[in-house]
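Comments concern the structure below.
Values below: all heavy atoms of this structure, side chains included; hydrogens, waters and symmetry mates excluded.
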Amino acid sequence: MSALSPAYPSLRDLAARLPSFDVLRRLSSGEDSAVYLARQKTLERLVRIRVLREPETEAGVLEHLRHRARLQHPLVTAVYDCGRMAGGPLYLVSEHVEGVPLAEVVAAGRLKPKQAYAPALQICEALQAVHAHGLVHGCLSARSVLLVAGSQIKMTGTGMALTTSGERTWLQAPTGGIAGDLHDLGRTLHVLFTGEEPGPDGRVARDLPPSFAQVLRRCLDPRSSRPFKTADEVRTALVEALQSGRTTPPP
């Protein structure tokens, strides 16, 4: 498969290579991978199979996939299997989640103010689990977090990087480290609380309650004198902001 025009397998070809699955349809395809919806026969559950374009160096990519597969957390999409098909490309089998990206939920006005706080704390908890596992998320945003039921979230894209075209990929290592993830966490929370992206240089919406605005600035402003070191610290600061008595959940 070339980088310019990857030849991803047909539904029939993929089912023949992975006989434990009924491959139902292709959900998406891009420069670096294609995603298929499938049913795992033995457990009778829907899964997603991501087929990767041939990497220049397989060893690093496969080890990264294996490390990601070992991360298990209820707020993070699970990876069930990964490897190389017989005579074929690398693949990864993950949990299929029926949910809506937070960005779409917020844009549609379907997330009431009182409902925003619980997902915010869950995002912090999920990101802390990712870092505790020795991974960097790499592409955290309001689009990589799904609202699945009520105020329950699922974090997707964990361990992936963003290409220059905005595609999520396993063929590049995530950049930015934990500090980059915490900055992205601040952006995600800002969208969740205000419905809009933060301004340049860490500027936050003026109508945010002061205690919440302070938390987001510490995430977003690279010049902050008290930057957060962990997602747990952000979560604790959000709880304190709510309980401070000076504010209510952000409008």
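Using a distance-only test at 3.5 Å, with no hydrogens or angles considered, no donor-acceptor pair links the side chain of H183 to the main chain of P222. Under the 3.5 Å distance criterion, the side-chain polar atoms of K41 are matched with a main-chain donor or acceptor of P19. When atom types are taken as modelled, the side chain of R84 and the backbone of G88 share a donor-acceptor pair closer than 3.5 angstrom. Counting only distance, with no hydrogens or angles, the side chain of R17 and the backbone of A86 share a donor-acceptor pair below 3.5 Å. Between the side chain of S151 and the backbone N or O of A118, no donor-acceptor pair lies under 3.5 Å. Using modelled atom types, no side-chain atom of Q115 and backbone atom of L111 make a donor-acceptor pair closer than 3.5 Å. In this structure, K154 contributes its side chain and P74 its backbone to a donor-acceptor pair below 3.5 Å.
A continuous path of ILVMFWY side-chain contacts below 4.5 Å connects V239 to L192, so both sit in one hydrophobic cluster. V97 and L27 fall into different hydrophobic clusters, where Ile, Leu, Val, Met, Phe, Trp and Tyr residues are linked whenever their side-chain heavy atoms come under 4.5 Å apart, directly or through other members. Both L46 and V35 sit in one connected hydrophobic cluster of ILVMFWY residues. Membership requires side-chain heavy atoms under 4.5 Å apart, directly or through other members. Follow the hydrophobic side-chain contacts under 4.5 Å out from V136 and you never reach L65; the two are in separate clusters. Cluster membership check: L75 does not share its hydrophobic cluster with V148, using side-chain heavy-atom separations under 4.5 Å among Ile, Leu, Val, Met, Phe, Trp and Tyr.
Looking at heavy atoms from C-beta onward, F193 lies in side-chain contact with L238 at the 4.5 angstrom threshold. Looking at heavy atoms from C-beta onward, L14 lies in side-chain contact with M85 at the 4.5 angstrom threshold. Residues E167 and S33 meet the side-chain proximity criterion, which asks for heavy atoms closer than 4.5 Å. Side-chain contact between L102 and I123 is present, with at least one heavy-atom pair separated by less than 4.5 Å. For the pair V204/F212, no side-chain contact is recorded, criterion being any heavy-atom separation below 4.5 Å from C-beta on. Between L52 and D32 there is no side-chain heavy-atom pair separated by less than 4.5 Å. You'll find the side chain of L90 reaches within 4.5 Å of the side chain of P55, heavy atoms only. The shortest side-chain heavy-atom distance between L24 and R39 falls under the 4.5 Å cut-off.
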Before giving the answer on side-chain contact (heavy atoms from CB on, under 4.5 Å), spell out for M155 and H137 the whole-Å C-alpha distance, their side-chain angles and the decisive distance to 0.1 Å. CA-CA 9 Å; M155 183 176 284; H137 188 286; 3.4 Å; yes
Checking R168 against T156 for the side-chain hydrogen bond (donor to acceptor under 3.5 Å, both in side chains) test, could you report, in this order, the C-alpha distance in whole Å, the side-chain angles of both residues, the deciding distance, and whether it holds? CA-CA 11 Å; R168 295 192 294 188; T156 71; 3.1 Å; yes
Check against side-chain contact (heavy atoms from CB on, under 4.5 Å), L208 and T194: CA-CA 8 Å; L208 272 170; T194 70; 3.8 Å; yes
Are V47 and S94 close enough, and set up right, to give a side-chain contact (heavy atoms from CB on, under 4.5 Å), and what steps lead you there? CA-CA 6 Å; V47 299; S94 62; over 6 Å; no
Would you please test F228 and L185 for side-chain contact (heavy atoms from CB on, under 4.5 Å) and show each step? CA-CA 11 Å; F228 290 113; L185 174 62; over 6 Å; no
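Checked against side chain to side chain donor-acceptor pair (under 3.5 Å), R217 has no partners two or more places apart in sequence or in another chain.
Taking OH from Y8 and OG from S28, the interatomic distance works out to 9.0 Å, rounded to the nearest 0.5 Å. Note that the CD atom of Q128 and the CG atom of D232 stand 3.5 Å from one another [nearest 0.5 Å]. In this structure, OG1 in T163 is found 6.5 Å from CD in Q172, a value given to the nearest 0.5 Å. One finds the OG1 atom of T188 at 4.0 Å from the CG atom of L140 (value rounded to the nearest 0.5 Å). Taking CD of E197 as the start and OG of S141 as the end, the distance is 8.0 Å to the nearest 0.5 Å. Atom-to-atom distance recorded for T230:OG1 and L182:CG is 7.0 Å, nearest 0.5 angstrom.
With 3.5 Å as the limit, one finds no donor-acceptor pair spanning the side chains of R26 and S10. A side-chain donor-acceptor contact under 3.5 Å links H131 and D181. Side-chain contact check for R218 and S224: no donor-acceptor pair (N or O, by modelled atom type) lies under 3.5 Å.
Using a 4.0 Å cut-off between a side-chain N of Lys or Arg and a carboxylate O of Asp or Glu, R70 and E63 qualify as a salt bridge. Using a 4.0 Å cut-off between charged side-chain N and carboxylate O, R48 and E95 make no salt bridge. Under 4.0 Å is where a charged nitrogen must lie from a carboxylate oxygen, and between E104 and R143 at least one such pair does. For E196 and R187, the salt-bridge test fails: no basic side-chain N is under 4.0 Å from an acidic carboxylate O.
Among all heavy-atom pairs drawn from P101 and L146, the shortest one is N-CD2, 3.7 Å. The minimum heavy-atom distance linking C124 with A231 is given by the pair O-CB, 3.4 Å. Nearest approach of G83 to L62, heavy atoms of both residues: CA-CD1, 3.9 Å. Residues H190 and A205 come closest through the heavy atom pair NE2-N, 3.0 Å. Across every non-hydrogen atom of G138 and P174, the tightest pair is CA-CB, 3.8 Å. Nearest heavy-atom pair across C139 and S144 is O-OG, 3.3 Å.
Atom CD of Q72 has more than 12 heavy atoms from other residues, nucleotides or ligands within 6.0 Å.
Listed by first and then second residue, the ring-ring contact (aromatic ring centres under 6.0 Å, His included) pairs involving residues 14-68 are H64-W170, H67-H133 (not counting sequence neighbours).
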